[in-house]
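A short write-up of the structure that comes next.
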There are 2 protein chains.
Amino acid sequence: MSDSLDLTALESLVGYNARRAALTIIGRFTENMARFELSPVDFSVLSVIHHNPGVTSRQLCLALNLLPPNMVVFLRTFEKRHLIKRSPHPTDGRAIGLSLTPEGMALMKEAEAAAAASDNDAVAKLTKAELATLRRLLMKIYQPK
Amino acid sequence: MSDSLDLTALESLVGYNARRAALTIIGRFTENMARFELSPVDFSVLSVIHHNPGVTSRQLCLALNLLPPNMVVFLRTFEKRHLIKRSPHPTDGRAIGLSLTPEGMALMKEAEAAAAASDNDAVAKLTKAELATLRRLLMKIYQPK
DNA sequence: TATTGTTATACTCTATAACTATA
DNA sequence: TATAGTTATAGAGTATAACAATA
């Protein structure tokens, strides 16, 4: 039986194409990062902490579009795994500054290399110029203003 | 407090950007399509049936990367809403051909117009040429071969 | 009064195992 | 033996309401 269905109506929607591409890339990401026991969202949270030591939970939620109650669970798990530590915020007694432990830094050094490799593999059909264009156009869609 | 976090590591990953853009577009899609009581996946299934009358459940699963047990639930719900009908497959006694009812066609005529409008709104910052490029690059990522 | 972080919980979406009817 | 469709269920991911501590 021929699999030649007409999908042109769906394929005209950017949202459909963006979702299918995201699921493809991130599905592979999930497999390749399983050895670190990091989901895509786990990785994104740890990456932001890594490059922004002292960041607060609220800042993470805003930057990554995650909800505070869910962030609490992520951070608790990371702390139990000794990947992050919490320090009192210098000026705001309600807030808590987050940073990676040496163990967390060691993990993220490897994990970020593996993440980049997985991402590159998933988009290997595109040229470097196409990838630069793609990233730019995608960011234009989700960034405010 | 300045919100200027360093996200460059994440933003270098196509998967991260594709996911953020997809969630932005589809979040708006979900709001705009709520009046039809159609989720993004609901819409994609009905759209394929609309443009491919007689399609089988298995073909839908392959085309949209959905799992058969979940498709059963979608189709049951559509049938209860009198949006689709099932007909015996002409040659394969195991399979069932799917098509829209007149009621389903009427709904999808409106829903497809609203979907296109929502999608266009969500990517209004991009030019027509950029959108054509974006669709082409995204399809290259998720299409096999 | 508003905000940060938290708890508990509900809801949606997706995935797995096993079954039936037909090819 | 393999495939189309189905059932039941489990799991992951995400969302809502309400609260304590601090600004």
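Atoms considered below: every heavy atom in the structure, side chains included; atoms not considered: hydrogens, waters and symmetry mates. Each chain gets a letter, A, B and so on, in the order the sequences are listed, and its residues count up from 1.
- Between A/Asn65 atom CG and D/dG13 atom P the separation is 16 Å, expressed in whole Å.
- When each of B/Gly93 and B/Ser39 is assigned the nucleotide of DNA chain C with its nearest heavy atom, B/Ser39 is the one assigned upstream, toward the 5' end.
- Donor-acceptor pairing under 3.5 Å, judged by distance alone, is absent between the side chain of B/Asp92 and the base of D/dA4.
- Ranking C/dA2, C/dA15, D/dT14 by closeness to the A/Val41 side chain, first place goes to D/dT14.
- A salt bridge is defined here as a Lys NZ or Arg NE, NH1 or NH2 lying under 4.0 Å from an Asp or Glu carboxylate O, and A/Glu79 with A/Lys85 fails to meet this definition.
- A/Asn17 and B/Tyr142 share a side-chain donor-acceptor pair at under 3.5 Å.
- Between B/Arg76 and the phosphate of D/dT6, there is no side-chain N or O to OP1/OP2 separation shorter than 4.0 Å.
- Other residues, nucleotides and ligands contribute more than 12 heavy atoms inside 6.0 Å of the CD atom of B/Gln143.
- For B/Ile96 and D/dG5, the CD1 to P distance is 6 Å, given to the nearest whole Å.
- A salt bridge is absent between B/Arg136 and A/Glu11: the closest approach of a Lys/Arg side-chain nitrogen to an acidic carboxylate oxygen does not fall below 4.0 angstrom.
- For the pair B/Leu62 CG and D/dG5 P, the computed distance is 10 Å after rounding to whole Å.
- Rounded to whole Å, the distance from CZ on B/Arg20 to P on D/dT14 is 12 Å.
- The side chain of B/Pro69 lies closest to D/dT6 when the candidates are D/dT6, C/dG5, C/dA8.
- Toward the 5′ end of DNA chain C lies the nearest nucleotide of A/Ala95, the other residue of the pair A/Ala95 and A/Arg19 mapping further downstream.
- The separation between B/Ile26 atom CD1 and C/dT12 atom P is 18 Å, rounded to whole Å.
- Regarding A/Asn70, its CG atom lies at a distance of 12 Å from the C1' atom of C/dC11, rounded to whole Å.
- On a pure distance criterion of 3.5 Å, no polar donor-acceptor pair joins the side chain of A/Arg58 and the base of C/dT4.
- Ranking C/dT6, D/dA23, C/dG5 by closeness to the A/Arg94 side chain, first place goes to D/dA23.
- Distance from the side chain of A/Arg86 is smallest to C/dT6 among D/dG5, C/dT6, C/dT4.
- Residue B/Pro68 is the one, among B/Pro68 and A/Phe74, whose nearest nucleotide of DNA chain D lies closer to the 5' end (criterion: closest heavy atom).
- Looking at A/Ser47, its side chain never comes within 3.5 Å of a backbone N or O of A/Ser44 through a donor-acceptor pair.
- Note on A/Leu66: nothing from the nucleic acid sits closer than 4.0 angstrom, heavy atoms only.
- The interatomic distance linking B/Leu67 (CG) with C/dA18 (P) rounds to 16 Å, in whole Å.
- In this structure, B/Glu37 atom CD and C/dT12 atom P are separated by 13 Å, rounded to whole Å.
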